[in-house]
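Residue numbering restarts at 1 for every chain, and letters A, B, ... go by the order of the sequence lines. Bear in mind the structure is a predicted one, so any value in this text is a computation, not a measurement.
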Amino acid sequence: MPELPEVEVVRRGLQPAVTNAVVTGVEVFDERSLRRHAPAGGAFAEQLVGRRILAAVRRGKFLWLPLESDRALVIHLGMSGQVLLRNPGAADDRMLRIRLTLEHPSRGELWVNFVDQRIFGSMAVDTMVATSDGLPGGYSGMATAHAVWQDHIPGQVAHIARDPIDPSFSARAFFTALAQKKTGIKRALLDQNLISGIGNIYADEALFAARIHYEQPAASLSRAKATTLLAAVRTILHRALAEGGTSFDAQYVNVNGQAGYFAHSLEAYGRQGHPCSRCGTLIVREQFMNRGSHFCPHCQRLTRPRPGSEGPPR
DNA sequence: GAACTATCCTGGGTGC
DNA sequence: TGCACCCAGGATAGTT
């Protein structure tokens, strides 16, 4: 399931291939993959053909390609989306939903195939808006030359919080928001308006690393515990990124169709019935938010705040 | 307004 | 072998 590390791997693969390339063709094989495209802004293909792509940018699980206009091609992989680079004439990938044909100044013609089994992902062309804080809209890997697109963000992504490996991410703002959440900590981690890029897998892994029960009320965490959790989130995301992301099956691959290796490093997710690496207690899987939650019932205990100790982290 | 739930969607796995 | 059913989960609209 593509979460932040998997999307970043895709972004890194796309960047050299699409930057400065011009879109010369668009083929939509399944209109459902345009669910997030607002037709009022114009037909999908019409807004792309003839436009030059300026970069590949990511915030959380959203990826976008700023165009030489006031718009961007927004890509969300959903659960099973893949962006694959192919040579023109290559056999169609299974579940191919959309194909872009690009002309790159040095690489020549190239196909960008959007493949999606479950059609939870999408492509859309959206208008760019200025970021509310004036800071870069997302991570592009380009720290130097300032361009207009850098402090802009697609309108449909503007409500998404910054992700924890974004240099502009504010830990203080995150702790403050957490302290006001009456919900469980895992639900808070999955709330993309609070902190982005974390999905079910990395939420379980971070909570395991920080020894926090998934239903622990977010507001009950001390500042020290919240700091530990944020550090665990960052460590796990960086490790997953270094290992090319998490692949269980063919549902996640990079732009060249290669799988990541982080699935071998998982300590909690998908390990129900296996012993905890710390204490040997069997990892448990419980139903949570229409999905699974994996944890060690010994290391990750639900604790009640002591009288007088509850309240926002200080 | 916040918290929570249902819905979208389909290939693969399992059981009969 | 073939069929029916269940499972996975990100984003968001709808409900409480």
Among [options], the nucleotide that comes nearest once only the side chain of [X] is considered:
{"X": "A/R97", "options": "B/dT10, C/dG10, B/dA3", "value": "B/dT10"}
{"X": "A/K182", "options": "C/dG10, B/dG11, B/dA3", "value": "B/dA3"}
{"X": "A/R118", "options": "B/dG11, C/dG10, B/dC4", "value": "B/dG11"}

Just to verify, which of A/R59, A/R58, A/K61 counts as forming a salt bridge (Lys or Arg N to Asp or Glu O under 4.0 Å) with A/D163? A/R58

Rounded to whole Å, please give me the gap between [atom1] in [X] and [atom2] in [N].
{"X": "A/N200", "N": "C/dG10", "atom1": "CG", "atom2": "C1'", "answer": "10 Å"}
{"X": "A/F288", "N": "C/dG10", "atom1": "CZ", "atom2": "P", "answer": "11 Å"}
{"X": "A/I201", "N": "C/dG10", "atom1": "CD1", "atom2": "C1'", "answer": "12 Å"}
{"X": "A/R32", "N": "B/dT10", "atom1": "CZ", "atom2": "C1'", "answer": "9 Å"}
{"X": "A/D191", "N": "B/dA3", "atom1": "CG", "atom2": "P", "answer": "9 Å"}
{"X": "A/L34", "N": "B/dC9", "atom1": "CG", "atom2": "C1'", "answer": "16 Å"}
{"X": "A/Q117", "N": "C/dG10", "atom1": "CD", "atom2": "C1'", "answer": "15 Å"}
{"X": "A/D163", "N": "C/dG10", "atom1": "CG", "atom2": "P", "answer": "15 Å"}

Regarding [X] and [Y], is there a side-chain donor-to-acceptor distance under 3.5 Å anywhere?
{"X": "A/Q47", "Y": "A/R71", "value": "yes"}
{"X": "A/T303", "Y": "A/Q216", "value": "yes"}
{"X": "A/S33", "Y": "A/R97", "value": "no"}

Taking only the side-chain nitrogens and oxygens of A/K181, find out if one of them lies under 4.0 Å from OP1 or OP2 of B/dA3. yes

side-chain N/O A/S80 vs B/dT10 OP1/OP2, d < 4.0 Å: no

Is [X] touching bases, backbone alone, or none of the nucleic acid, heavy atoms closer than 4.0 Å?
{"X": "A/R187", "value": "base"}
{"X": "A/M95", "value": "sugar-phosphate"}
{"X": "A/G292", "value": "sugar-phosphate"}

Between the protein and nucleotides 11-14 of chain C, which nitrogen or oxygen pairs come in under 3.5 angstrom?
| residue | atom | partner | partner atom | Å |
| --- | --- | --- | --- | --- |
| C/dA11 | OP1 | A/H76 | NE2 | 2.6 |
| C/dA11 | OP2 | A/K61 | NZ | 3.3 |
| C/dT12 | OP2 | A/H159 | NE2 | 3.3 |

Between A/D30 and A/M289, which has a closest nucleotide on DNA chain B that is more 5'? A/M289

Run the salt-bridge test on A/R99 and A/D92 with the 4.0 Å N-O cut-off and return the result as yes or no. yes

Look only at the side chain of A/R11 and the backbone of A/S140, and say whether a donor-acceptor pair between them is shorter than 3.5 Å. yes

side-chain contact (heavy atoms from CB on, under 4.5 Å) filter on A/S277, not counting sequence neighbours, yields A/F208, A/E267

